[in-house]
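The structure appears below as structure tokens.
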Amino acid sequence: MRVHCEVDYVELENEEGREVPGVCVSCTQCGHETESFGQGDASVKRCLALMREECPEGDDNFYST
């Protein structure tokens with residue numbers, strides 16, 4: 001099943017405690033969120049892949065923006 005996700009451009013705290021640009025992707029069905037550093041297409045795609053791996057409901061969905 002194809003599930004639409006929303007992308008928010010945010011500041012995330014890195015391992016050194018500094019704020020860096022990032023993305024937060026949230027599932028419109030269950031609200032689960034994933035985060036990645038960077039604000040390019042690769043960061044969004046990483047979040048979508050993580051969404052599939054981490055689905056709290058165990059679904060095998062295809063996530064898109």
Side-chain angles (χ1 to χ4, degrees):
M1 177 174 171
R2 181 179 291 262
V3 177
H4 178 75
C5 293
E6 295 180 357
V7 179
D8 290 316
Y9 295 91
V10 297
E11 294 291 316
L12 299 173
E13 187 175 312
N14 69 9
E15 298 82 17
E16 299 167 355
R18 290 188 286 173
E19 296 287 315
V20 296
V23 291
C24 178
V25 174
S26 58
C27 176
T28 57
Q29 283 193 332
C30 72
H32 182 66
E33 295 181 346
T34 57
E35 297 176 336
S36 291
F37 296 120
Q39 295 185 332
D41 289 341
S43 297
V44 174
K45 287 179 183 180
R46 180 179 183 275
C47 281
L48 295 172
L50 287 173
M51 188 72 66
R52 184 177 175 120
E53 291 176 15
E54 297 177 4
C55 178
E57 298 180 15
D59 293 339
D60 194 25
N61 296 319
F62 178 78
Y63 296 92
S64 64
T65 57

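On a predicted model such as this, the values are computed, not experimentally measured, just so you know. Every heavy atom of this structure was used, including side-chain atoms; hydrogens, water molecules and symmetry mates were not.
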Item checked: Asp41, CG: over 12 other non-hydrogen atoms inside 6.0 angstrom ->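 Open: at most 12 neighbouring heavy atoms sit under 6.0 Å from CG of Asp41.
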Check: In this structure, are over 12 heavy atoms from other groups packed under 6.0 Å from Tyr9 atom OH?
Finding: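 Open.
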Side-chain heavy-atom pair [X], [Y] within 4.5 angstrom cut-off:
X     : Y     : value
Phe37 : Leu12 : yes
Val23 : Asp8  : no
His32 : Met51 : yes
Cys30 : Glu57 : yes
Cys5  : Leu48 : yes
Asn61 : Gln29 : yes
Arg52 : Asp60 : yes

Checklist line | Spacing of CD belonging to Glu33 relative to CD belonging to Glu6, to within rounding of 0.5 Å | finding: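 One finds 10.0 Å between CD of Glu33 and CD of Glu6.
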Next item on the list: Quick one: pull up CG in Leu50 and OH in Tyr63 and give me the separation to the nearest 0.5 Å.
Entry: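 Result: 11.5 Å between the selected atoms.
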Between [X] and [Y], which heavy-atom pair has the shortest distance, and what is it?
X     : Y     : value
Cys47 : Thr34 : O-OG1, 3.0 Å
Gln39 : Gly22 : NE2-O, 3.1 Å
Glu19 : Glu11 : OE1-CB, 3.3 Å
Val3  : Cys27 : CG1-SG, 3.7 Å

